[in-house]
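To start, the structure itself, in structure tokens.
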Amino acid sequence: MGFVNERLNRTQQALAAYRKAFQIDSNYERAYLAAARILVRQNDFNGAADLFKQAIRINPSSSQNYQELGSVYSSAGNYTAAEESFKKALAYMDPAKKDPVTYYNLSTVMYAQGKKDSALSYAKQAYDNKGGAVQQVQTNITYNYALMCEQTWDKTKALTLYKEVLAADPKNVKALTNIGALSLETGDADSALTFLQKAYSLESSNFEVNNNLGNAYRQKADYDNAVKYYQTALKISPKDNTVRENLAKAYASAGNYDKAKSTYQDVIAADKNNWDAYFELAKVCITLKDTNAAKDYLGYLQKKNPDYKSSEVKQLLSSL
């Protein structure tokens with residue numbers, strides 16, 4: 001009854017039938033699994049985890065059960081439990097059938113916990129065994145391996161892998177954006193714009209795309225366009241203080257000091273310990289001949305962080 005109702009898209013009736021099935025037979029593994037998968041689709045991750053654990057109670061040697069439980073924990077943000085489940089899945093997996101998806105999932109939860117070296121290791125194992133997966137899964141695995149390489153400073157390898165992603169999926173916005181960002185790090189703003197503008201044409205409301213476009217145009221000293229894309233990024237993520245600081249820098253570089261001052265003031269209001277922003281704000285105030293404000297900001301720097309650019313701060317104060 002549960003199976004038929006589910007195929008007829010009668011989800012609640014199907015769920016009720018599956019629950020009745022395992023109430024009748026508390027060792028009915030398939031009923032627990034079917035009900036758990038419905039709860040996953042409904043984003044009831046705690047309820048799904050409880051049912052997957054019942055399936056594991058019945059069949060504690062099932063790699064698939066541990067894989068599904070790990071995915072639920074990962075979706076719920078419980079990365080420690082997800083790691084444990086995915087590792088158990090590997091322990092019970094046929095050694096001749098290395099599942100790239102499990103390695104991929106384990107890589108993502110390791111990265112979420114800040115365990116970058118382990119995340120890279122599992123990402124590579126996923127990549128090395130991705131041949132049997134469908135194309136979209138292969139692309140995701142390759143992208144994840146590229147990201148892990150980038151995060152562990154092998155940026156040359158990361159760039160090669162991102163290009164492999166684009167060969168399979170030319171419209172992959174994340175790969176386009178990351179190649180653009182890597183190009184910016186080497187000072188190649190023109191190449192960065194090529195990739196970022198394509199990403200923008202595909203997803204104009206993407207925060208990372210707009211922020212990196214702002215960075216690219218600022219690197220080319222095209223401050224009007226830099227301001228445009230930083231402002232768009234802030235509309236998407238209004239509380240992002242890094243973008244706000246970049247916007248202030250663009251204003252200052254363009255000679256729009258009044259707007260630079262206002263924006264820097266918002267930056268330090270959001271982050272009292274942003275010493276770079278205090279220093280740059282003081283310089284903007286000096287340019288605007290707002291001597292008192294400049295003294296206040298530089299004095300605050302000397303008081304709160306006397307080691308920050310101490311000679312430069314003293315030199316600016318002595319000039320006022």
Residue pair Thr263 / Arg244: nearest heavy atoms and the distance that separates them: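 That would be CG2-O, 3.3 Å.
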Exercise: identify the closest heavy-atom pair between Cys285 and Ala293: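 Reported closest heavy-atom pair: SG-CB, 3.9 Å.
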Do the non-hydrogen side-chain atoms of [X] and [Y] ever get within less than 4.5 Å of each other?
X      : Y      : result
Leu193 : Lys220 : yes
Glu6   : Leu15  : no
Leu51  : Tyr18  : no

Just verifying a value: how many Å separate [X] [atom1] and [Y] [atom2], rounded to the nearest 0.5 Å?
X      : Y      : atom1 : atom2 : answer
Leu176 : Thr194 : CG    : OG1   : 10.5 Å
Phe207 : Asn212 : CZ    : CG    : 9.0 Å
Met148 : Leu120 : CE    : CG    : 8.0 Å

Carboxylate-amine/guanidinium proximity below 4.0 Å for Asp128 and Lys98: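 No, Asp128 and Lys98 are not salt-bridged.
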Is [X] linked to [Y] within one hydrophobic cluster, defined over Ile, Leu, Val, Met, Phe, Trp and Tyr using a side-chain heavy-atom separation of less than 4.5 Å?
X      : Y      : result
Tyr162 : Val209 : yes
Leu90  : Leu69  : no
Trp275 : Leu281 : yes

Among Phe52, Phe86, Tyr92, the one residue meeting ring pair (Phe, Tyr, Trp, His ring centres under 6.0 Å) with Tyr66: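 When ring pair (Phe, Tyr, Trp, His ring centres under 6.0 Å) is applied between Tyr66 and each of Phe52, Phe86, Tyr92, only Tyr92 qualifies.
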Would you say the side-chain atoms of [X] pair up with the backbone N or O of [Y], donor to acceptor, closer than 3.5 Å?
X      : Y      : value
Ser319 : Leu316 : yes
Ser201 : Lys198 : yes
Tyr230 : Asn215 : yes
Asn241 : Val267 : yes
Asn210 : Ser205 : no
Thr108 : Asn105 : yes
Thr142 : Gln138 : yes
Asn5   : Met1   : yes
Thr232 : Lys228 : yes
Ser107 : Tyr103 : no

Donor-acceptor pair between Tyr73 and Glu84 side chains, under 3.5 angstrom: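 Side chains of Tyr73 and Glu84: no pair found under 3.5 Å.
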Any side-chain donor near an acceptor of the partner, Gln54 and Asp50, under 3.5 Å: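 Looking only at side-chain atoms, Asp50 and Gln54 do not form any donor-acceptor pair under 3.5 Å.
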From CA spacing to verdict: side-chain contact (heavy atoms from CB on, under 4.5 Å), Tyr104, Tyr145: CA-CA 9 Å; Tyr104 165 81; Tyr145 184 29; over 6 Å; no
Should the pair [X] and [Y] be classed as cation-pi, given the thresholds of under 6.0 Å to the six-membered ring centre and 45° from the axis?
X      : Y      : answer
Lys174 : Tyr143 : yes
Lys124 : Tyr127 : no
Arg30  : Tyr28  : no

Intermediate values then yes/no, side-chain contact (heavy atoms from CB on, under 4.5 Å), Glu208 and Glu203: CA-CA 10 Å; Glu208 294 293 342; Glu203 202 170 308; over 6 Å; no
Working for side-chain hydrogen bond (donor to acceptor under 3.5 Å, both in side chains), residues Thr139 and Asp169: CA-CA 7 Å; Thr139 301; Asp169 179 11; 5.7 Å; no
Report all side-chain donor-acceptor pairs from residues 295-310 shorter than 3.5 Å, counting only partners two or more places apart or in another chain.
{"unit_1": "Tyr297", "atom_1": "OH", "unit_2": "Gln265", "atom_2": "NE2", "d": "3.3"}
{"unit_1": "Tyr308", "atom_1": "OH", "unit_2": "Asp276", "atom_2": "OD1", "d": "2.4"}

Evaluation steps, side-chain contact (heavy atoms from CB on, under 4.5 Å), between Tyr223 and Lys249: CA-CA 9 Å; Tyr223 301 117; Lys249 291 176 182 177; over 6 Å; no
Audit row: Arg41, Arg37, side-chain contact (heavy atoms from CB on, under 4.5 Å) steps and yes/no: CA-CA 6 Å; Arg41 295 196 294 273; Arg37 289 164 187 158; 4.2 Å; yes
Residue among Lys87, Lys115, Glu83 satisfying side-chain contact (heavy atoms from CB on, under 4.5 Å) with Tyr122: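 So, applying the side-chain contact (heavy atoms from CB on, under 4.5 Å) to Tyr122 and each of Lys87, Lys115, Glu83, only Lys87 qualifies.
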